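Take a look at the structure set out below.
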Amino acid sequence: MGVGALAVSASAVLLHLARVSPGTASFYRCVLALPLLVPLALAERRHGRPGRRTVALAWAAGVLLAGDMLLWTQAIPEAGAGISTVVVNMQVLLVPLLALVVDRESPGRRFALALPLLLAGLVLTAGLVGGAMGTDPLTGALHAVMAAACYSGFLFLLRRTGEGGLTRQTYLHVIVAAAVASLAIGAVWHGVDLAPGWSPIGWLLAVAVLGQVLGWLLVALATPSLPAHVGATLLLLTPVGAVGLGAIVLAERPTLVQLAGCALILASGYLAATRPSGDHREPDRLSPDERSGANSL
């Protein structure tokens with residue numbers, strides 16, 4: 001999961017280098033991933049195929065992913081990178097709340113204690129303290145809030161689509177749906193350039209491989225086996241990785257405040273995602289294999 005989050009963190013830097021419209025970026029980062037995802041999905045068919053309900057959830061997740069990509073890319077210049085990053089990563093709060101309301105899954109006391117530290121670390125890492133505003137802060141903040149809602153819904157549904165064990169096939173449906181939605185929405189919202197040039201295509205191919213294939217596929221494989229709050233917390237490695245990659249690739253120099261925020265995210269994330277010594281799950285929270293082992297003792 002952590003490796004997937006760090007792979008996704010490369011997307012912001014690579015999209016900056018591509019310099020294309022939100023619709024173009026969202027469409028191509030999905031389409032260019034398909035040649036790699038299709039063989040992986042076909043190889044999984046020997047284990048069966050996902051049911052209609054799972055496919056429907058995957059398509060819903062894909063539409064929400066497209067909404068997140070389009071809105072977040074648009075919010076960056078409007079609200080500023082700091083504010084847009086902070087708002088869209090409110091998934092660390094929204095996903096556990098969705099799991100609590102829908103699945104009655106409690107995040108636990110350690111997550112509640114770590115949450116203020118996580119949010120503080122996110123604010124510092126994004127450069128919100130002392131950071132510059134964008135061209136249209138109010139509109140950008142609205143777009144970022146909408147992106148956060150789409151992002152949280154996508155993560156919640158992505159976890160559901162992987163519960164049947166046929167993750168690669170359902171994830172392929174997610175990306176196809178995201179490509180279709182990105183093309184349809186992007187065509188009427190800032191446009192989609194179907195021939196952006198070889199240089200942008202190269203950067204978008206890198207986004208597709210690192211983000212859509214390696215990053216989100218690893219996240220999709222890991223989330224069904226993790227509590228909702230743990231998965232949401234580990235995804236906070238994304239802004240931390242973005243700071244590091246920005247320094248290496250774009251020669252951006254993170255401030256001491258941003259570095260302190262990264263350290264705070266890592267420390268509080270470890271607190272939220274780990275269980276205290278001697279803590280055991282209730283039998284109904286155990287996996288079938290774990291429950292079988294427990295019953296044999």
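Hydrogens, waters and symmetry mates are skipped; everything else that's a heavy atom, side chains included, is used. Quick caveat, the model's predicted, so the values are computed rather than measured.
Taking each heavy atom of Leu70 and Ser182 in turn, the nearest pair found is CD1-CA, 4.3 Å. Among all heavy-atom pairs drawn from Ile175 and Cys30, the shortest one is CG2-O, 3.5 Å. Taking each heavy atom of Cys150 and Asp68 in turn, the nearest pair found is CB-N, 3.6 Å. Closest approach of His190 and Ser21 over heavy atoms only: O-CB, 3.9 Å. Taking both residues in full, the closest heavy atoms of Ala61 and Val174 are given as CB-CG2, 4.2 Å, listed atom of the first, atom of the second, then distance. The heavy-atom pair separating Arg29 from Ala33 by the smallest distance is O-CB, 3.7 Å.
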>> Test side chain to side chain contact (heavy atoms under 4.5 Å, CB included) on Leu194 and Tyr28; report intermediate values, then the result.
In response: CA-CA 9 Å; Leu194 296 179; Tyr28 268 106; 4.3 Å; yes

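One hydrophobic cluster, built from ILVMFWY side chains closer than 4.5 Å, cannot hold both Val188 and Leu183; they sit in different ones. When hydrophobic clusters are built by joining Ile, Leu, Val, Met, Phe, Trp and Tyr residues whose side-chain heavy atoms come closer than 4.5 Å, directly or via intermediates, Val63 is not grouped with Leu34. Using a 4.5 Å cut-off between side-chain heavy atoms of Ile, Leu, Val, Met, Phe, Trp and Tyr, with links allowed through other members, Leu155 and Leu100 fall into different hydrophobic clusters. No chain of hydrophobic side-chain contacts below 4.5 Å, direct or via other Ile, Leu, Val, Met, Phe, Trp or Tyr residues, connects Leu113 to Leu117. Following chains of ILVMFWY side-chain contacts shorter than 4.5 Å, one cannot reach Trp198 starting from Val192, and the two form parts of different hydrophobic clusters.
Side-chain contact between Val95 and Tyr151 is absent, with no heavy atoms from C-beta onward closer than 4.5 Å. You'll find the side chain of Thr161 stays beyond 4.5 Å of the side chain of Tyr171, heavy atoms only. Using a 4.5 Å heavy-atom threshold, the side chains of Leu214 and Val209 count as separate. For the pair Trp203/Val207, no side-chain contact is recorded, criterion being any heavy-atom separation below 4.5 Å from C-beta on. By the 4.5 Å heavy-atom criterion applied to side chains, Gln74 and Met146 are not counted as neighbours. Residues Met69 and Pro22 have side chains not in contact (no heavy-atom distance under 4.5 Å, counting atoms from C-beta outward).
In terms of modelled atom types and a separation under 3.5 Å, the side chain of Ser152 and the main chain of Ala149 share no donor-acceptor contact. A donor-acceptor pair under 3.5 Å is formed between the side chain of Glu44 and the backbone N or O of Arg168.
Distance check: Leu57 CG to Leu158 CG gives 11.0 Å after rounding to the nearest 0.5 Å. In this structure, CZ on Phe27 lies 8.5 Å from CG on Leu32, to the nearest 0.5 angstrom. A distance of 9.0 Å separates CG in Leu204 from CG in Leu14, rounded to the nearest 0.5 Å. Here the straight-line distance linking atom CZ of Arg159 with atom CG of Leu98 works out to 10.5 Å at 0.5 Å rounding. Of the inter-residue distances, the one linking Thr54 atom OG1 with Leu166 atom CG reads 8.0 Å to the nearest 0.5 angstrom.
Between the side chains of Thr170 and Thr167, not a single donor N or O lies within less than 3.5 Å of an accepting N or O.
Using bins of under 30°, 30° to 60° and over 60° for the plane-to-plane angle, the ring pair Trp189/His143 lands in the perpendicular bin.
Between Leu37 and the choices Val176, Leu42, Leu172, the side chain to side chain contact (heavy atoms under 4.5 Å, CB included) rule is met once, by Leu172.
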